[in-house]
K.L.:
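Pasting a structure here, questions to come.
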Amino acid sequence: MTNLKKWAGAGGALALILCWPLAVGQIGQSVVEKELNNRELALVDVTVESYDRGYLSSTVMTRLTVRDAALQAQLKAEGLPDSYLVHSTLSHGLASISAKSTLANVTWPLTLNTTTQLNGDTEFDFQLAAIRQSELKPGLTVSVDASSFTGNVAIDGLMQFALTVPSVRVTNPEGAHLTLTQVQGTGEGRNNGGYWLGTQSLKLKRVAFEEPQAVTITSDDIVITSDTQLNENGSRITSDTRAVLGALQLPDEPTVNDLTFGFSMSQLDVTAFNGIVDALQHQNEADALEPAVVLGHLDTLFNKGFAVAIDEFSMRIDDGTMNASVHWQVPEGTTGLKQNPMQLLAKTNGEMKSYVSQTLVEKYPNLQQGVDELIISEMAEEVQGGYQMNTQLLNGNIQFANGEQVPLFNLLMPIFM
């Protein structure tokens with residue numbers, strides 16, 4: 001009797017296993033239809049056109065329609081459709097759904113393979129077959145080596161991804177070429193209502209722009225990173241972006257090496273920042289936010305206080321070097337943006353630092369003349385190996401080492417003239 005019960009139990013388990021793909025198929029249909037029907041995205045609408053559910057597999061047809069007016073106009077100008085059909089074949093496993101998807105109404109060699117667990121976590125793998133001299137529009141062609149975009153997305157939206165593009169070459173009607181070589185990207189984070197919250201990096205071995213007249217601009221070993229995070233209670237946001245170019249070569253100019261630019265924004269009020277991002281996203285829609293609403297978010301942003309910085313701007317030319325940094329602080333409690341934006345300059349503080357090596361100054365007479373004038377006026381000082389200038393931004397005034405102050409407004413005025 002015991003053995004009979006065991007066999008009966010095994011038969012029940014076998015029946016459960018045999019029914020499981022059908023159950024997963026039902027779950028898959030429910031998930032797809034629930035998530036895609038009438039989904040509101042920033043740029044596109046996604047709807048289920050058909051769902052043919054079978055025992056071990058199903059076929060799904062979904063439609064992506066661009067609803068952003070600016071993107072619609074761009075696609076039209078490039079001769080591309082603003083609506084795309086995606087054909088997917090789903091396979092029902094014991095605890096997951098695998099899908100292979102291709103575009104049905106265009107000939108792009110793009111395939112998406114996904115595996116979704118029952119808890120909603122999804123692994124994805126975009127594969128783009130090589131494209132050779134494909135004409136985007138009259139006279140504009142593109143060639144792309146076989147490329148991939150892979151990663152996973154958790155049910156809570158947390159995403160990890162990796163991008164690999166060996167080479168891209170774009171040729172315009174005049175015969176100029178733009179070539180990107182060994183493009184690699186990675187990221188970990190989530191889409192937080194229009195911006196990436198987390199880390200990202202992009203690396204390019206070389207970017208080259210070549211014209212028929214042999215005018216060439218190249219940049220090698222490019223690395224761009226960004227890190228955007230919330231504080232512990234989620235009320236403030238800080239973002240750091242850094243770009244490094246190993247070498248930049250311009251026509252008839254010396255090579256610029258180790259060109260580095262670092263920019264950061266810190267302690268931004270999340271509510272105000274999200275409101276501004278939302279306004280930018282809706283600026284091309286019928287329900288665009290009013291300017292007064294945007295100004296209200298900016299007013300809150302300044303009232304809560306924040307900091308902006310060029311943490312590093314540096315480069316090396318032959319044996320010469322230069323570097324500079326700027327830090328700007330808007331104190332908490334700053335008001336009056338709506339009434340008189342320029343008066344905010346009188347409420348800001350910060351510092352600016354710069355250094356240029358003697359060897360670099362000696363190569364450029366105009367630079368030498370400017371440095372000499374700053375030394376004579378005691379706004380800069382000579383240090384070991386070069387010259388440095390440190391200034392303070394106090395209540396809207398730039399204060400030099402000699403104590404002389406110049407209103408920041410006076411320096412910015414030429415920008416607005």
K.L.:
When rounded to the nearest 0.5 angstrom, what distance separates CD in E211 from CG in L178?
P.N.:
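If we round to the nearest 0.5 Å, E211:CD and L178:CG are 11.5 Å apart.
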K.L.:
Would you say I398 and M352 make side-chain contact, with heavy atoms under 4.5 Å?
P.N.:
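Yes, at least one pair of side-chain atoms sits under 4.5 Å.
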K.L.:
Regarding T186 and S201, is there a side-chain donor-to-acceptor distance under 3.5 Å anywhere?
P.N.:
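Yes, side-chain donor-acceptor contact under 3.5 Å.
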K.L.:
Under 3.5 Å, is there a donor on one side chain and an acceptor on the other for T255 and Q249?
P.N.:
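A pair is found: one side chain offers a donor N or O, the other an acceptor, under 3.5 Å apart.
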K.L.:
For the atom pair NE2 (H327) and CD (E351), what is the distance rounded to the nearest 0.5 Å?
P.N.:
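Atom-to-atom, H327:NE2 and E351:CD are 6.5 Å apart.
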K.L.:
Between Q358 and Y387, do the side chains contain an N or O donor and an N or O acceptor separated by less than 3.5 Å?
P.N.:
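Judged by distance alone, the side chains do pair up.
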K.L.:
Please round to the nearest 0.5 Å and tell me the distance separating atom CD of Q182 and atom CG of L204.
P.N.:
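Here the interatomic distance stands at 9.5 Å.
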K.L.:
Can you name the nearest heavy-atom pair linking S377 to N402, along with the distance?
P.N.:
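Minimum heavy-atom separation between S377 and N402: O-ND2, 2.7 Å.
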K.L.:
Is the centre of the F263 ring less than 6.0 Å from the centre of the W328 ring?
P.N.:
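That pair fails the under 6.0 Å test.
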K.L.:
With no hydrogens and no angle check, do the side chains of T238 and S266 hold a donor and an acceptor under 3.5 Å apart?
P.N.:
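No, S266 and T238 have no side-chain donor paired with an acceptor closer than 3.5 Å.
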K.L.:
Strictly distance-based, threshold 3.5 Å: is any side-chain N or O of D220 a donor or acceptor partner for the main-chain N or O of A247?
P.N.:
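Side chain of D220 to backbone of A247, a donor-acceptor pair under 3.5 Å: no, none is there.
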K.L.:
Quick one: does any side-chain atom of Q329 pair with a main-chain N or O of F306 as donor and acceptor, under 3.5 Å?
P.N.:
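Confirmed, Q329 side chain pairs with F306 backbone.
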K.L.:
Closer than 3.5 angstrom, by distance alone: can the side chain of N233 be matched with the main-chain N or O of S235 as a donor-acceptor pair?
P.N.:
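Yes, N233 side chain to S235 backbone: donor-acceptor pair under 3.5 Å.
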K.L.:
Working to the nearest 0.5 angstrom, can you tell me the gap between T115 OG1 and I97 CD1?
P.N.:
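If I round to the nearest 0.5 Å, the distance is 10.0 Å.
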K.L.:
Please tell me if the side chains of L90 and T59 come closer than 4.5 Å, counting only heavy atoms from C-beta onward.
P.N.:
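Side chain of L90 against side chain of T59, heavy atoms only: no contact under 4.5 Å found.
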K.L.:
Taking the six-membered ring where the residue is Trp, are the ring centres of F124 and F149 under 6.0 Å apart?
P.N.:
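Yes, they do, as the ring centres are separated by less than 6.0 Å.
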K.L.:
Can K304 and D299 be said to form a salt bridge (Lys or Arg N to Asp or Glu O under 4.0 Å), step by step?
P.N.:
CA-CA 9 Å; K304 295 290 185 177; D299 219 25; over 6 Å; no
K.L.:
So how far is it from E312 CD to S264 OG, rounded to the nearest 0.5 Å?
P.N.:
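Here the interatomic distance stands at 12.0 Å.
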K.L.:
Decide yes or no on side-chain hydrogen bond (donor to acceptor under 3.5 Å, both in side chains) for E362 and Q368, but give the supporting numbers first.
P.N.:
CA-CA 6 Å; E362 291 174 350; Q368 179 73 71; over 6 Å; no
K.L.:
Report yes or no: do R242 and T260 form a side-chain donor-acceptor pair below 3.5 Å?
P.N.:
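No donor-acceptor contact under 3.5 Å links the two side chains.
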K.L.:
Determine the minimum heavy-atom distance between P166 and S147, stating which atoms define it.
P.N.:
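What the structure gives for the nearest pair is CD-OG, 3.9 Å.
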K.L.:
Could you walk me through whether L367 and V356 pass side chain to side chain contact (heavy atoms under 4.5 Å, CB included), step by step?
P.N.:
CA-CA 10 Å; L367 182 58; V356 59; 4.0 Å; yes
K.L.:
Do D156 and R190 come within less than 4.5 Å of each other through their side chains, counting heavy atoms only?
P.N.:
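Yes, side chains in contact.
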K.L.:
Under 3.5 Å, is there a donor-acceptor pair between the side chain of R206 and the main chain of I222?
P.N.:
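Absent.
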K.L.:
Determine whether the side chains of R169 and T179 contain a donor N or O and an acceptor N or O closer than 3.5 Å.
P.N.:
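Side-chain D/A pair, R169 to T179: present.
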K.L.:
Taking T321 for the side chain and I317 for the main chain, is one N or O donor matched with an acceptor at less than 3.5 Å?
P.N.:
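No; zero donor-acceptor contacts below 3.5 Å.
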K.L.:
Evaluate side chain to side chain contact (heavy atoms under 4.5 Å, CB included) for L112 paired with D125, printing each intermediate quantity in order.
P.N.:
CA-CA 6 Å; L112 169 62; D125 181 0; 5.7 Å; no
K.L.:
What I want to check is whether the side chains of E404 and Q399 have a donor and an acceptor closer together than 3.5 Å.
P.N.:
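No, Q399 and E404 have no side-chain donor paired with an acceptor closer than 3.5 Å.
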K.L.:
Check whether any side-chain heavy atom of D318 lies under 4.5 Å from a side-chain heavy atom of T359, and answer yes or no.
P.N.:
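In short, these two side chains do not touch, never coming nearer than 4.5 Å.
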K.L.:
Judged by atom type as modelled, is there a donor-acceptor pair below 3.5 Å linking the side chain of N192 to the main-chain atoms of W196?
P.N.:
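A pair under 3.5 Å: no.
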K.L.:
State, yes or no, whether a side-chain contact exists between I237 and T228 at a heavy-atom distance under 4.5 Å.
P.N.:
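Of all side-chain heavy-atom pairs linking T228 with I237, at least one is under 4.5 Å.
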K.L.:
Hey, are the side chains of D252 and L250 touching, using non-hydrogen atoms and a 4.5 Å cut-off?
P.N.:
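Result no, sub-4.5 Å side-chain heavy-atom pair not found.
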K.L.:
How many angstroms lie between atom CE of M265 and atom CG of D240, to the nearest 0.5 angstrom?
P.N.:
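Output value for this atom pair is 9.5 Å.
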K.L.:
Measuring centre to centre across the rings, with the benzene-like ring taken for any Trp, is F273 within less than 6.0 Å of Y195?
P.N.:
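Aromatic pair counts; centres sit under 6.0 Å.
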K.L.:
How close do K347 and P331 get, heavy atom to heavy atom, and via which atoms?
P.N.:
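For K347 and P331, the tightest heavy-atom pair comes out as O-CD, 3.1 Å.
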K.L.:
Can you name the nearest heavy-atom pair linking Q229 to G198, along with the distance?
P.N.:
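In terms of heavy atoms, the two residues are closest at NE2-CA, 3.8 Å.
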K.L.:
Taking the side chain as everything from C-beta on, heavy atoms only, tell me whether Y51 gets closer than 4.5 Å to S58.
P.N.:
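The answer is yes; the side chains approach within 4.5 Å.
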K.L.:
Any non-hydrogen side-chain atom of V183 less than 4.5 Å from a side-chain atom of T164?
P.N.:
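Heavy-atom side-chain distance check fails, nothing below 4.5 Å.
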K.L.:
Verify whether one side chain among T102 and H87 offers a donor that lies under 3.5 Å from an acceptor in the other.
P.N.:
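No, no side-chain donor-acceptor pair sits under 3.5 Å.
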